[in-house]
Every structure is written in structure tokens, then in C-alpha cells.
Amino acid sequence: QVQLVESGGGLVTAGASLTLSCTASGRSIGNYAITWFRQTPGKERAFVAAIGWTGSTYSDSVKGRFTISRDSADKTVFLQMNRLKPEDTAVYYCGARPNRYYATAAEEYPYWGQGTQVTVSS
């Protein structure tokens, strides 16, 4: 199994940038697809971005503003968030699945971090 820890969230104003990190321990994530989801109270976890070994994908709401990447050591996945909007306010979760290819459904990911809060004020 793999343990995931998200970090990098915070309180920012609209238009600001944040970089979230998802750091893995327990085993290598070289053969894992990593995905970022976000969730607000009363809502299901919504797909944000995913990265596998064949590429990456983004939700329409963040395309052109967010970028997902992973480090060369296969220990950390980043989510660079630019031009943040109040609508981006949520708890952001990192999900992992033992597959080189990503999925966009939360139920496909057996491993999750604890989440990191992102709050964007107007």
C-alpha cells in the first residue's frame, strides 16, 4: 500500500497562485496514476486533474489554469494552480491507484491523502 500526504493549501485572494504537493510513502508510485480531486461540503469529490504514464488530463473548469506534474524520483505529484477563483475553494485530495493509466472517477482510487484546504477569497 501507499500513504499519501497533501500539502500546500492555504488562504489566498482571487488571481493568486498555489502549488499543492502530494507526497507518497510506503512504496514507490512509479507505477501509480495520481489524481487530484476536490470536495466542498455536501458535494461529491470532483475530478480536477490526473497524471499517468501516457499523459495527463484536466477538468474543464481548470484547463489552462492548473498544471499537474510529478517529480523524477516518483515520490511527489504537484498541482500548480494559477489564477485561482473563489469557485476553486475546496478541500483538495490526492488519490492514487496502482495503474500506469489515470481514471477520472473517484471510486477508481483506493488510496487517498487527508486533504488540504484551499480557500480563495474575492
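We're numbering straight along the sequence, starting at 1. This structure is a prediction, so every number in the text was calculated from the model and none was measured.
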Q: Report whether Val2 and Val77 are members of the same hydrophobic cluster (ILVMFWY, side-chain heavy atoms less than 4.5 Å apart, transitive linking).
A: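 Yes.
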Q: Scan Ile68, Val62, Asp88 and name whichever one has a side chain to side chain contact (heavy atoms under 4.5 Å, CB included) with Val48.
A: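 Of the listed options, the one satisfying the test is Val62.
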Q: Only counting residues at least two apart or in another chain, list the ones meeting salt bridge (Lys or Arg N to Asp or Glu O under 4.0 Å) with Glu108.
A: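 Only Arg97 meet the salt bridge (Lys or Arg N to Asp or Glu O under 4.0 Å) criterion with Glu108.
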Q: Shortest non-hydrogen contact from Leu4 to Ala24?
A: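 For Leu4 and Ala24, the tightest heavy-atom pair comes out as CD2-CB, 3.9 Å.
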Q: Distance from Leu79 atom CG to Thr67 atom OG1, nearest 0.5 Å?
A: 8.0 Å
Q: Got a sec, which residues hit side chain to side chain donor-acceptor pair (under 3.5 Å) with Ser56, two or more places apart in sequence or on another chain?
A: none
Q: Any idea which heavy atoms bring Arg45 and Ala106 closest together, and the distance?
A: CB-CB, 4.5 Å
Q: Report yes if some heavy atom in the side chain of Thr40 is under 4.5 Å from a heavy atom in the side chain of Thr89; otherwise report no.
A: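 With C-beta onward as the side chain, the pair stays apart.
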Q: Considering non-hydrogen atoms only, spot the tightest contact between Thr116 and Leu20 and give its length.
A: CG2-CD2, 4.0 Å
Q: Please report the closest heavy-atom contact between Lys75 and Asp71, naming both atoms and the distance.
A: N-OD1, 2.9 Å
Q: With Arg83, which residues qualify under side chain to side chain donor-acceptor pair (under 3.5 Å), at least two apart?
A: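 If we apply the side chain to side chain donor-acceptor pair (under 3.5 Å) test to Arg83, skipping adjacent residues, there are no hits.
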Q: Verify the distance criterion only: is there a donor paired with an acceptor across the side chains of Arg38 and Ser61 at less than 3.5 Å?
A: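 Yes, side-chain donor-acceptor contact under 3.5 Å.
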Q: Compare every heavy atom of Thr35 with every heavy atom of Ala103, then report the nearest pair and how far apart it is.
A: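 Heavy atoms only, the tightest pair is O-OG1, 3.6 Å.
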Q: Sequence neighbours left out, what passes salt bridge (Lys or Arg N to Asp or Glu O under 4.0 Å) with Lys63? Give chain and number order.
A: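 Once residues adjacent in sequence are excluded, the partners of Lys63 under the salt bridge (Lys or Arg N to Asp or Glu O under 4.0 Å) criterion are Asp60.
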Q: State, yes or no, whether a side-chain contact exists between Ser17 and Asn82 at a heavy-atom distance under 4.5 Å.
A: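 Yes, side chains in contact.
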Q: Can you measure from CD1 (Ile34) to CD1 (Ile29) and round to the nearest 0.5 angstrom?
A: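 The CD1 atom of Ile29 is 4.5 Å from CD1 of Ile34, to the nearest 0.5 Å.
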Q: For residues 99-122, which residue pairs qualify under ring-ring contact (aromatic ring centres under 6.0 Å, His included), counting only residues two or more places apart or in two chains?
A: Phe37-Tyr109, Phe37-Trp112
Q: Is the shortest side-chain N to carboxylate O distance from Arg70 to Asp74 below 4.0 Å?
A: yes
Q: With a 4.5 Å limit on heavy-atom distance, are the side chains of Val118 and Met81 in contact?
A: yes
Q: For Val91 and Gly115, which heavy atoms make the closest approach, and how far apart are they?
A: CG1-CA, 3.8 Å
Q: With rounding to the nearest 0.5 Å, note down the distance linking CH2 in Trp36 to CZ in Phe47.
A: 13.0 Å
Q: Have Asn31 and Arg100 got a donor and an acceptor in their side chains that come within less than 3.5 Å?
A: yes
Q: Does anything in residues 65-100 form a ring-ring contact (aromatic ring centres under 6.0 Å, His included)? List the pairs, not counting sequence neighbours.
A: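 Qualifying pairs, neighbours excluded: none.
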Q: Check whether any side-chain heavy atom of Gln114 sits under 4.5 Å from a side-chain heavy atom of Glu6, and report yes or no.
A: yes
